[in-house]
Structures are given as structure tokens and as C-alpha cells.
Number of protein chains: 2
Amino acid sequence: MAVITEYKVHDQMLIAVDCIIFGFDGKNLKALLVKRGIEPELGKWSLMGGFVQKDESVEAAAFRVLEVRTGLKDIYLEQLFVFGAMKRDPGGRVVSVAYFALINIDDYSFKLMREHSAKWFDIKRIPPVIFDHKKMILMAKEQLRQKVANHPIGFELLPEKFTLPQLQNLYEAIYESTFDKRNFSRKILSLHILKKLDEKEKSLSKKGAFYYTFDHNKYKKLAKEGLKFI
Amino acid sequence: MAVITEYKVHDQMLIAVDCIIFGFDGKNLKALLVKRGIEPELGKWSLMGGFVQKDESVEAAAFRVLEVRTGLKDIYLEQLFVFGAMKRDPGGRVVSVAYFALINIDDYSFKLMREHSAKWFDIKRIPPVIFDHKKMILMAKEQLRQKVANHPIGFELLPEKFTLPQLQNLYEAIYESTFDKRNFSRKILSLHILKKLDEKEKSLSKKGAFYYTFDHNKYKKLAKEGLKFI
DNA sequence: ACAAAAGTGTTCACTGTACACCCATGT
DNA sequence: ACATGGGTGTACAGTGAACACTTTTGT
């Protein structure tokens, strides 16, 4: 506290983080929302968020919020934007740093979901949310589209093993659009970052579809040159 | 203050803005740095920055800093990233929101430059700077490259009237690379967002090069479909 | 046998890139 | 006349998009 007095003293402002958490159920892209537990706007739907503590970095705060609320560590997290409008939070002057996270929906336990009154919402059917969270969600959606076109982060939303039709469904959900499966598989496979397994997923079709895994090592080698996924 | 007590009270943290200001002198891409006027690190080179006040939005703070330091209003400003590491500023816990700005280098007066001990540095020869400002500058450079490929913001760095060779020089400076002038002019002109004037710039060559201006109206009409500049 | 999803090639248009010469003018 | 930078066209390769039929197997 002694050091900080070298700067002019300012009124209290709080720094918060809010996380847009994306999941994919095999068919639709989802965002995880919680029923807000504090005033103002108690009981309304909200992004998962919390205040940055003095002894943690802003990014660490985002990871902490995610871990406490979902039990998940080591998940994909990316800074999105700072929302710094003066009256965005009627409860006080709060500047919020929005992050978006990608998780494998199966890793998120129903137990925690109940405990935190959390719920997955189809990205196309987001209910009314507090403050400027709607803007955050829209921005995250857009950023996800941008990012996923050139970076191998879509895999974060899928199980370790996945099929090409599953991967295509994911991309179609993200872009709210459809792709030709011949062109799609050719393009994805030509990147040489997927490893085909000798095993088929059989529950979704009679013929069954081969499983693939994302090959992190191959990707790292190729990444420097820049890949185009879509 | 009454309202804010609804939130748990936190230790003091300050929110700052830092601006990476780009300019173009016809040949090289430049960034504007200032000799820092306060402790710590007084006298070292630094980005232009300042603290966010309680009665202004974060973005407004960035505009304020720019106006006070450069005298310029209505300039292109874009949020870059939040730097929120715990010990980034040894003077206290300061979370900084970095912005990058594009200005026409001729609009920046030498008078203000002296008053603020500011100086333009070639982007390829940035001197040692305080804190994490080096990272901010590198990130801004990268973001500028990304953005300028798909958005008509390069023109912000040029005078109202400019020639195709000048525009090409700008892109070459940004990408630290060279382009074929036939391909470059064909691509740019095919966007139909430049208006050719009946006037030539004569000081840089004997033949003279035609001036162009950016046609904001035409651009707006085309923008929705998405343009590729490079 | 048939329904349902998986898998697989070819053609065509377009876009990006490589490349070289003439033009206008000030000295 | 010549030196300097401005302006222009063509050919080729690579990429993206459209498009339909066969395969497998559970019922």
C-alpha cells in the first residue's frame, strides 16, 4: 500500500471477469449460463463471473472462476474484450474482462450444474441475460468463428476420439451453415493433423464412422506455416 | 458509494490505458513514444497512457489520453488486449487496457511533440521501453497486420489524398515485405472503394502519380459482403 | 430388402501470383 | 538523351465450390 500512494489516488473501481463457456452436444453449440446469486439482478441468467482479487492476475481470476464453478482445470481460455462502460453494472463501477472458454461438454458434471444452478443454452436460443452479457455472448460467438477458421481449437469442444461427421456437425453448428461433406473431409484431412483410428463409432449409424484424434505433435510442426481449417 | 458496498470490498487496484500510436511517414511505419514523466522508471521511453477515472468509460479514457497528449480527436482507436499480470507495474497493482491508434502523421504538431517529449520511432527500431510495453507494441503490430488485410483502416495513416505507390509503400511497411505493383494496384482498384482524382502528386517522381481518395460511401455499401484488401 | 448414414472423385470457375515493357517528365 | 518512378496485361497454377453414387449394416 505504501508503493501505490505514489500514484494519484482514485475512487474505487472493481475489475471482474466474465466467461462465455461453449460446449457442443454433438448437434448444437451451447453456452453455459448461471442463475445469478447476488444482487443486483439476483435470479436472472448470467455468465459465470467474479471479481479479480489483488493477489491474482486477471487471467488467473478467469481460471479460478471456471474451476470453482465447473470443476475443470486446463481448459481452453482466451481473452475476448474489456467492457468498460460507466454504467454497465448498476451495482457499482465494474470493468469486466470477458473471456471465452471451450470445454468438452461431457466433462462437466451434472452435480456441479445443480449446485450452481447452471444450464446449457443453445447458442441460437439464449434467454435474456443481465447487463451487457448479451453483447459479450455475441462477440464470443463471432470470435469463435474467426478463430476456429485458422486454429485447431474446435477439438477442445469434442471428446478425445471423434468422427469426421461429428467434426463437421461442430463446424456447421459454429457457422450456422452447412458444408459439403466431400469438400469438408478433403480439406480437413489434407491438413494432416488428424490420426485415423482402427475403431468405429457405431451408435449413430449402421455402417459406423471411423474415429479420429487430433495429432498435437504434427500440428505443432505445421502451425508455423499457418493452416486454414475452413 | 452506498451501492458499491453491496459487493465485497476489495483492495485497491487501478485501471490504466496505454496507447500504441501508429504513424506513417511515406516510407516507414512509426510508433509514438514518450519519455515517462512519473516514477517509477521516470525518464524511460513508454507508451502514452493514463489512469481510467471513475467518471469515464475505459474507452473514453483512451480518447482523453490521446487528445491531451496529441491534440487529436476523432482518431481511429481499437481495443487491443488487457494486460493484467500481477507485477507488471512495480508501482502498484495496475491492470492496463492497451489500445492502438492510427493517425495521419502530419496532423501531429511538433509543438505538442516537444511539450510531451514524444518521439516517433521506426517500428523496426523500437528502443527499450518500460514494463510490458514491448509486448503491447508487438501485439499491436500483429493486430494491425490482421486488421488491415480485411478492413479499410490503412487510409487512417495516410493524408486525405494519396497515390497508389504511397498506399503500396504503407502496406509494404506494415507487412515488412514487398508486393508486385501490378498485382497490388489491380487488387486494390478492383475493390472499387477508391476514387481517382484528376490531379497528380509531382514531388516524388517526374511523371507524377494520380491522387486517390477513399470513398467512404461506396465502402459502406460493399462492407457487409466482406472485402479482402491483401 | 430397405433405410440410414458413411465414404469417396471429377470438373469448373475463380483467385492469386509471377513476370517485362512502355510512358511521362524533369534534369 | 537519359534517368526516374508510374502505369499497365497475360499466362499459369492452386484453391474453393458444386455435384451423385456406392458401401455397409442393423432392422
Side-chain angles (χ1 to χ4, degrees), chain A residues 25-28 145-146 148-150 158-159 161-213 222 225-230, chain B residues 25-28 145-146 148-150 158-159 161-173 175 177-213 222 225-230:
Chain A
D25 67 359
K27 195 80 186 165
N28 293 300
R145 285 182 188 181
Q146 298 291 334
V148 94
N150 299 294
L158 293 170
K161 299 187 295 188
F162 53 86
T163 66
L164 284 186
Q166 281 169 353
L167 185 62
Q168 180 168 350
N169 285 342
L170 169 61
Y171 275 83
E172 291 182 341
I174 291 174
Y175 288 101
E176 291 175 21
S177 157
T178 57
F179 301 110
D180 181 277
K181 62 178 174 177
R182 287 161 291 188
N183 293 337
F184 182 83
S185 76
R186 186 170 345 101
K187 206 184 299 187
I188 293 291
L189 293 176
S190 73
L191 300 172
H192 302 295
I193 54 170
L194 294 187
K195 198 156 50 184
K196 190 175 185 173
L197 304 183
D198 260 341
E199 191 189 349
K200 280 187 167 186
E201 131 70 41
K202 305 279 291 179
S203 75
L204 295 168
S205 72
K206 290 159 184 172
K207 186 176 178 183
F210 280 105
Y211 276 121
Y212 289 81
T213 54
L222 296 167
E225 298 142 42
L227 300 178
K228 287 201 70 173
F229 287 75
I230 290 294
Chain B
D25 67 1
K27 194 80 186 163
N28 293 300
R145 285 182 186 180
Q146 297 291 335
V148 94
N150 300 295
L158 293 170
K161 298 187 296 188
F162 52 86
T163 66
L164 285 186
Q166 281 169 354
L167 185 62
Q168 182 169 349
N169 285 341
L170 169 61
Y171 274 83
E172 291 182 342
Y175 289 100
S177 157
T178 57
F179 301 110
D180 181 278
K181 62 180 173 177
R182 289 161 292 189
N183 293 337
F184 182 82
S185 76
R186 188 176 337 106
K187 205 185 298 189
I188 294 290
L189 293 176
S190 73
L191 300 173
H192 302 296
I193 54 169
L194 294 187
K195 199 157 52 185
K196 190 177 188 174
L197 304 183
D198 260 341
E199 192 189 350
K200 279 188 167 184
E201 131 69 41
K202 306 279 292 178
S203 75
L204 296 168
S205 72
K206 291 161 185 173
K207 183 175 177 181
F210 280 105
Y211 276 120
Y212 288 80
T213 55
L222 296 167
E225 298 141 42
L227 299 178
K228 287 201 71 174
F229 287 75
I230 288 296

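Chain A is the first sequence line, chain B the second, and so forth, proteins listed ahead of strands; every chain is numbered from 1. Both backbone and side-chain heavy atoms feed into the values below; hydrogens, waters and symmetry mates do not.
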What's the [atom1]-[atom2] distance between [X] and [N], to the nearest Å?
X         : N       : atom1 : atom2 : answer
Lys200(A) : dA5(C)  : NZ    : P     : 15 Å
Phe210(B) : dA24(C) : CZ    : C1'   : 10 Å
Arg182(B) : dG7(D)  : CZ    : P     : 14 Å
Leu164(A) : dA5(C)  : CG    : P     : 17 Å
Asn183(A) : dA13(C) : CG    : C1'   : 14 Å
Phe184(A) : dG9(C)  : CZ    : P     : 18 Å
Asp180(B) : dT10(D) : CG    : C1'   : 12 Å
Gln168(B) : dG5(D)  : CD    : P     : 14 Å

Select base, sugar-phosphate, or nothing to describe what [X] touches, counting heavy atoms under 4.0 Å on all strands.
X         : value
Lys187(A) : sugar-phosphate
Lys181(B) : base
Leu204(B) : sugar-phosphate

Taking the side chain from Tyr175(B) and the backbone from Arg145(B), do they hold a donor-acceptor pair closer than 3.5 Å?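 Between the backbone of Arg145(B) and the side chain of Tyr175(B) there is a qualifying donor-acceptor contact (under 3.5 Å).
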Is there a donor-acceptor pair under 3.5 Å between the side chain of Gln166(B) and the backbone N or O of Thr163(B)? yes
Ile188(B) and Ile193(B): side-chain contact (heavy atoms from CB on, under 4.5 Å), yes or no, with the steps? CA-CA 8 Å; Ile188(B) 294 290; Ile193(B) 54 169; 5.9 Å; no
Are Lys27(A) and Asp25(A) within salt-bridge range, i.e. N to O under 4.0 Å?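 Looking at Asp25(A) together with Lys27(A), the answer is no, because their closest N to O distance does not fall below 4.0 Å.
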Do Phe179(B) and Tyr171(B) have ring centres separated by under 6.0 Å?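 Ring centroids of Phe179(B) and Tyr171(B) are no less than 6.0 Å from each other.
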Could you check whether the side chain of [X] and the base of [N] have a donor-acceptor pair of N or O atoms closer than 3.5 Å, going by distance alone?
X         : N       : result
Lys207(B) : dA24(C) : no
Arg186(B) : dT15(C) : no
Lys206(A) : dT24(D) : no

If you find the nucleotide of DNA chain C closest to Pro165(A) and the one closest to Gly208(B), which residue's nucleotide is nearer the 5' end?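 Mapping each residue to its closest nucleotide by heavy atoms, the 5'-most match is Pro165(A).
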